[in-house]
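Quick notes on the structure that follows.
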Amino acid sequence: MAISHRISASLGSARWLSPLLFLLAWEAGSRSGLIPERTLAAPSKVLSTLLDMAVSGELADNLWVSFLRIVIGLAIGVTVGAVLALVAGLSRQGEVAVDPLMQIKRTIPTLALTPLFIVWFGIGETPKIALIAFASIFPVYLNLYSGIRGVDLRLLEGARSFGLSCAEQILHVILPGALPSLLVGLRYSLSVAILVLVVAEQINASAGLGYLINNARDFMRTDIIVVCLMIYAVLGLAADALVRAIENRALVWRPSIVAQ
Amino acid sequence: MDARPTGFSRVTAPQFDPVVRLRDFTRSFGDNTIISGLDLDIAPGEFVILLGRSGSGKTTLLRTLAGLDPTPGQNVIVPASRAVVFQDARLLPWKKVWRNVALGLRQGDVRQRAEDALREVGLGHRLDAWPLTLSGGEAQRVALARALVREPSLLLLDEPFAALDALTRLRMHELVLSLWTRHRPAVMMVTHDVDEAIALADRVVLLDHGRIVLQERIEAPRGERGQVARALRSRLLGALGGQVLEGPSPAEIIALHAGGLA
Ligand SMILES: Nc1ncnc2c1ncn2[C@@H]1O[C@H](COP(=O)(O)OP(=O)(O)O)[C@@H](O)[C@H]1O
Ligand SMILES: [Mg+2]
């Protein structure tokens, strides 16, 4: 009695239980023919397809292509965003010159630029990377800019009272003070980049995760589509873990992390 | 410079060139005049305490001496080497304690100098700590070390111990006095605590509405101020417009400074 009671109690509080039941129900639905494969492939089928694609190298090749698009696009976007934020954050003239343009840019949804980018850059790699870069500029810009402007003026004044030059104040006070905001911006930029990647890869791609999905759609291979969805989810999780790892290293001085 | 023969007063009170010299100093924000017509000299090595109610302009005056506010067209002389300790320690949280002390130092073995200064304030064991892990008293001691490591000829302290508990504050008084005795900077310390002023100062300057309304020089050595304390206290409190409470508290604090806590 007591043991069965304890088992049911621990099952009742297990968070993995409902996803598992969901998968089992899905599998049962597929096996019994309730869910046709052309609607949604069974979890077991998805898993074996994943293994096949991994073994054949198909997955790694296409993932690598998508990965490169993200990395190059992000590198460009984050750099441009950070430079613009430094210009606008550190000088009044810079703010007057840069900030209005960035606010205008913000009102245009990046994905709405897709047709224009195709006209400009064709249908190769360039428009895909350009879209990712363009979308990832703003989160970094906005957060770093407000981080710089939000630096504690009393700390800055303290540094000034000890005779630090302008460059030293930027290096020792402003930039470290704005770093937490920059990392927040980076986090947003990463998730925006993945979002834009999904759409950008629909542009006549011949490789990459989007290409896999498009191809699978044409052949109604729902198993491959689900595999790609899983890969997108993993990309998102990996991006989050990456930023968190950077934060843990760069912000060791923070009390919550210090306290550990 | 002075054509007259050496006068009597000159013999009894030898004149040094003051490190701080303000003449007819005025400071206003918009139409709001905070300090007007203020004259102030501080001699080398002198310990001056600036006393006054909240809003009387103490911080404004201290910021001027610190060179943090511009003083265009005013007759203001302050030494080039000066250092400030603010009420909030203003340590950079992303720099370890010793790097905060070493901030802006350029000559010599910077790490060694920062270490020595931190040992002097009793924090030799927290060199590599993060500032946000320090207690209020420790943070303020780091701020003291950061100021003294520059060997300033003028040390400015703006209510540095106001946020500390009474016992920690007494310890900090001892520390400040011993550091001052060793390094002999001119000190101007702002406080609104009359007993703190009596215990520490060579001279108490009382500010009200941006004017100096009373100055008291205290000749008695620190630790032997029990007798003068009561009269001084009622004069200062009277000038501040406060009520003089009869009680043993000032004498006790002065007595504490006579040695018990060092
Ligand atoms: N930057 C400023 N702009 C406008 N008013 C100020 C500024 N700084 C101080 N004041 C005013 O000057 C007065 C004196 O302030 P302060 O010197 O800080 O007083 P205390 O340090 O004696 O408490 C206050 O009334 C305050 O409002
Ligand atoms: Mg003040």
Side-chain angles (χ1 to χ4, degrees), chain A residues 82 85-86 89-92 143-187 243-260, chain B residues 59 62-70 78-97 99-107 110 114 117 126 128-135 139-140 142-152 154-158 160:
Chain A
L86 289 176
L90 295 177
S91 82
R92 285 284 160 208
N143 283 284
L144 180 55
Y145 170 63
S146 75
I148 290 174
R149 282 300 156 93
V151 163
D152 191 340
L153 289 178
R154 294 169 313 157
L155 291 183
L156 214 48
E157 193 177 82
R160 197 149 54 88
S161 81
F162 292 115
L164 264 68
S165 68
C166 232
E168 285 171 319
Q169 286 175 44
I170 291 174
L171 187 66
H172 294 300
V173 187
I174 296 180
L175 292 186
L179 186 61
S181 306
L182 173 64
L183 291 176
V184 171
L186 195 61
R187 187 181 287 238
V243 177
R244 205 148 335 121
I246 297 176
E247 272 179 355
N248 282 345
R249 280 193 67 92
L251 307 181
V252 279
W253 50 269
R254 282 193 160 183
S256 58
I257 298 168
V258 164
Q260 283 170 9
Chain B
T59 297
L62 181 129
R63 290 175 54 87
T64 299
L65 300 192
L68 287 172
D69 289 337
V78 290
S81 84
R82 44 180 199 260
V84 193
V85 176
F86 300 93
Q87 175 171 349
D88 46 337
R90 302 200 186 181
L91 305 177
L92 299 176
W94 43 82
K95 286 188 182 293
K96 290 186 172 173
V97 161
R99 285 200 181 274
N100 262 286
V101 173
L103 193 69
L105 293 184
R106 288 182 187 88
Q107 299 146 11
V110 166
R126 304 295 316 257
D128 288 313
W130 295 109
L132 292 178
T133 65
L134 300 177
S135 72
Q140 230 26 325
V142 175
L144 264 178
R146 182 170 65 168
L148 282 168
V149 77
R150 279 142 238 275
E151 296 287 342
L154 175 63
L155 175 64
L156 298 159
L157 306 138
D158 191 358

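Order of the sequence lines sets the chain letters (A, B, ...), proteins ahead of strands, with each chain counted from 1. The structure displayed is predicted, hence computed values, not measured ones. In what follows, every heavy atom counts, from backbone to side chain, and hydrogens, waters and symmetry copies are set aside.
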Query - Heavy-atom pair with the smallest gap, counting every atom of B:Val84 and A:Phe162 - result: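 For B:Val84 versus A:Phe162, the nearest heavy atoms are O-CZ, 3.6 Å.
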Query raised in the report: Side-chain contact, heavy-atom cut-off 4.5 Å: B:Leu132 with A:Arg254?
Result: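 No, too far: nothing below the 4.5 Å cut-off.
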Query raised in the report: Which atoms of B:Arg63 come close to chain A, meaning under 4.5 Å heavy atom to heavy atom: side chain ones, backbone ones, both, or neither?
Result: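 B:Arg63 touches chain A through side-chain heavy atoms alone.
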Query - Residue B:Lys96 versus chain A: region with a heavy atom under 4.5 Å - result: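 Neither part, no heavy atoms under 4.5 Å.
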To the nearest 0.5 Å, what is the distance between [atom1] ([X]) and [atom2] ([Y])?
{"X": "B:Trp130", "Y": "A:Trp253", "atom1": "CH2", "atom2": "CH2", "value": "9.5 Å"}
{"X": "B:Arg106", "Y": "A:Glu168", "atom1": "CZ", "atom2": "CD", "value": "4.0 Å"}
{"X": "A:Ser161", "Y": "B:Arg90", "atom1": "OG", "atom2": "CZ", "value": "8.0 Å"}
{"X": "B:Leu92", "Y": "A:Leu156", "atom1": "CG", "atom2": "CG", "value": "9.5 Å"}

Listed partners of [X] passing side chain to side chain contact (heavy atoms under 4.5 Å, CB included), at least two apart:
{"X": "A:Arg92", "value": "A:Glu95, A:Arg149"}
{"X": "A:Arg160", "value": "A:Glu157, A:Gln169, B:Leu68"}
{"X": "B:Ala147", "value": "B:Ala83, B:Val85, B:Leu155"}

Query raised in the report: Taking only heavy atoms into account, what residues of residues 171-187 of chain A are found under 4.5 Å from chain B?
Result: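 Residues in range: A:His172, A:Val173, A:Pro176, A:Gly177.
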Query raised in the report: Do you know which of B:Leu91, B:Leu103, B:Leu105 has the most heavy-atom pairs under 4.5 Å to chain A?
Result: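 Option with the top pair count is B:Leu103.
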